[in-house]
**Student:** 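Take this structure first; my questions come after.
Because the structure is a prediction, the values reported are computed rather than measured. Note: hydrogens, waters and symmetry copies are ignored here, and every other heavy atom, side chains too, is used. In each ligand, atom 1 is the first atom listed, and ligand 1 is the first ligand listed.
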Amino acid sequence: MPSSPPELPIVVLDALMPTSQRLVLDRRGSTVWEVESHRGHYAVKVGYPIEATAEWAAQPWTALAPAREGAVLLRLGLVDLAYGEWERGTWNFQPWHEGPDLYQLWEPCRRPDSSIAPHTSVALGCVEALAVLHAKGWAHGDVQPAHFIIGPERTHLIDLALARGGHVPEGYDFPFRGCLVHYEAPEIARSVLDTGQAEPTPEADVYALGASLLISATGRRAMEYPDDAPRTAQREAVANGRRREVKVPGTLGALIDAMLSHTPADRPTLPEVSKTLS
Ligand SMILES: Nc1ncnc2c1ncn2[C@@H]1O[C@H](COP(=O)(O)OP(=O)(O)O)[C@@H](O)[C@H]1O
Ligand SMILES: [Mg+2]
C-alpha cells in the first residue's frame, strides 16, 4: 500500500491551531509531532493500527495507545493535555519536554577509550522520575533510555502508554505483551513466552532502569544473546538469565548490577537506589 506523508488529524488541528509543527517520529503504528500553538508547546501522538503483512501479525493496539496514555496521564494528575479519536485510531497531546534523552546525553561516555564517566546526577534524575510514578502506585512497563528526557530543571519519564496501576477506560485498554527485549526483566520475558502477556511491576521497571543506564553508559546489553537472534530466542536468553558482566566502575556499576538481579526481590527499590547514589 503506498503511504502518503503523515498529516495531523483535523481534530488535533482544530484543538491546537498550530503556529508551527514538526514531525518528530514516523514509525509503524505511531507518529509523534512537536507542535507550537497559542495554547502552548506540545508533543502530539497519533496512533493507527498496524496491518498484517507477510512478516508480522496485525497489531490493532497501536491505534489505542495514545488514548490509553492520555487516560493514564490524566489519572496521574496532569491537566494540560487532551486525547481522543480520529478516523484511524486515537491521539493525544501533552506538554513538550525539551532536552536530550538519556542515550543521547551519555553518547560521549560510549566513545572508544572515552575517559568521560556517566554523571551520577543524571542517573539520579532518572531514578527520581520513575520513583514519582511508583510512589503513585503505577508501574511504567516500557522503561528505556529514549523515554527519559533530561530537561534543564528535571528529568521527565515519557511514553506511559503501557503503564499499569489505576483505572483505564475499557475501550482504550489492551494487554501488556512485553517491551523491548533489551530492557525486559527475566520474569516478564518468561511470562510473555509462556502466555503471550505479562504484568508490569515496579521491580521489572527497576531492572529496565538498570539495563537503560548500562546501555547508555557503555553501549552494552545486560544479557547474552546474538543481535540477530529471533525475538523469542532473545526472550529465552533473558528469561534464563544469561547475564553479561557489568563494566561500569564504582557505585553506579555495583548498583546497576544489583538492579539487574534475576530475582525481583533481590533488586533494590528506587528509594534505596537514590540513597546509594546521593
Ligand atoms: N512529551 C514529549 N516531549 C518531548 N519529546 C517527546 C514527548 N513525547 C514523545 N516525544 C518524542 O517522541 C519519541 C516517541 O515518543 P513515545 O512517547 O516514546 O512514542 P511511541 O509510543 O511511539 O514509542 C520520543 O522518543 C521523543 O523523542
Ligand atoms: Mg516509546
**Student:** Among Ile158, Val32, Asp159, which residue places a heavy atom closest to atom 24 (C) of ligand 1?
**Tutor:**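 When every heavy atom of Ile158, Val32, Asp159 is considered, Ile158 comes closest to atom 24 (C) of ligand 1.
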**Student:** What part of Asp101, side chain, backbone, both or neither, has a heavy atom within less than 4.0 angstrom of ligand 1?
**Tutor:**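 For Asp101, there is no contact with ligand 1 at all, from either part.
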**Student:** Could you name the option among Glu34, Glu98, Lys45, His147 that has the heavy atom nearest to atom 19 (O) of ligand 1?
**Tutor:** Lys45
**Student:** For the Mg ion (ligand 2), does an N/O/S atom of Asp142 lie at less than 2.8 Å?
**Tutor:**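 No, outside the cut-off.
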**Student:** Any idea which atoms of ligand 1 are less than 4.0 Å away from a heavy-atom of Ala43?
**Tutor:**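 The list of qualifying atoms is 1 (N), 2 (C), 7 (C), 8 (N).
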**Student:** Whether the side chain of Gln21 engages the backbone of Val35 through a donor-acceptor N/O pair (distance < 3.5 Å, no angle test) should be reported.
**Tutor:** no
**Student:** Hey, is Arg27 touching ligand 1 through its side chain, its backbone, both or neither, going by heavy atoms under 4.0 Å?
**Tutor:** side chain
**Student:** Short list, please: which atoms of ligand 1 are under 4.0 Å from a heavy atom of Ser30?
**Tutor:**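 Result: 22 (O).
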**Student:** Parallel, tilted or perpendicular: which one describes the rings of His182 and Tyr225, with boundaries at 30° and 60°?
**Tutor:** parallel
**Student:** With atoms numbered from 1 as shown, which atoms in ligand 1 lie under 4.0 angstrom from a non-hydrogen atom of Ala146?
**Tutor:** 25 (O)
**Student:** Please name the atom of Asp159, limited to N, O or S, that comes nearest to the Mg ion (ligand 2).
**Tutor:**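 Closest to the Mg ion (ligand 2) among those atoms: OD2.
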**Student:** For Asp101 and Tyr103, indicate whether the former's side chain and the latter's backbone hold a donor-acceptor pair under 3.5 Å.
**Tutor:**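 Side chain of Asp101 to backbone of Tyr103, a donor-acceptor pair under 3.5 Å: yes, one is there.
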**Student:** Quick one: sort the His156 and His97 rings into parallel, tilted or perpendicular, breaks at 30° and 60°.
**Tutor:** parallel
**Student:** At less than 4.0 angstrom from any non-hydrogen atom of Pro95, what atoms of ligand 1 do you find?
**Tutor:** 1 (N), 2 (C)
**Student:** Which ligand 1 atoms are under 4.0 Å away from a heavy-atom of Leu25?
**Tutor:**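 This gives 13 (C), 14 (C) as the contact atoms.
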**Student:** Looking at His147, pick out the N, O or S atom nearest to the Mg ion (ligand 2) and give its name.
**Tutor:**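 Among the N, O or S atoms of His147, the one closest to the Mg ion (ligand 2) is NE2.
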**Student:** Above 12 or not: heavy atoms from other molecules or residues under 6.0 Å from CD of Glu7?
**Tutor:** no
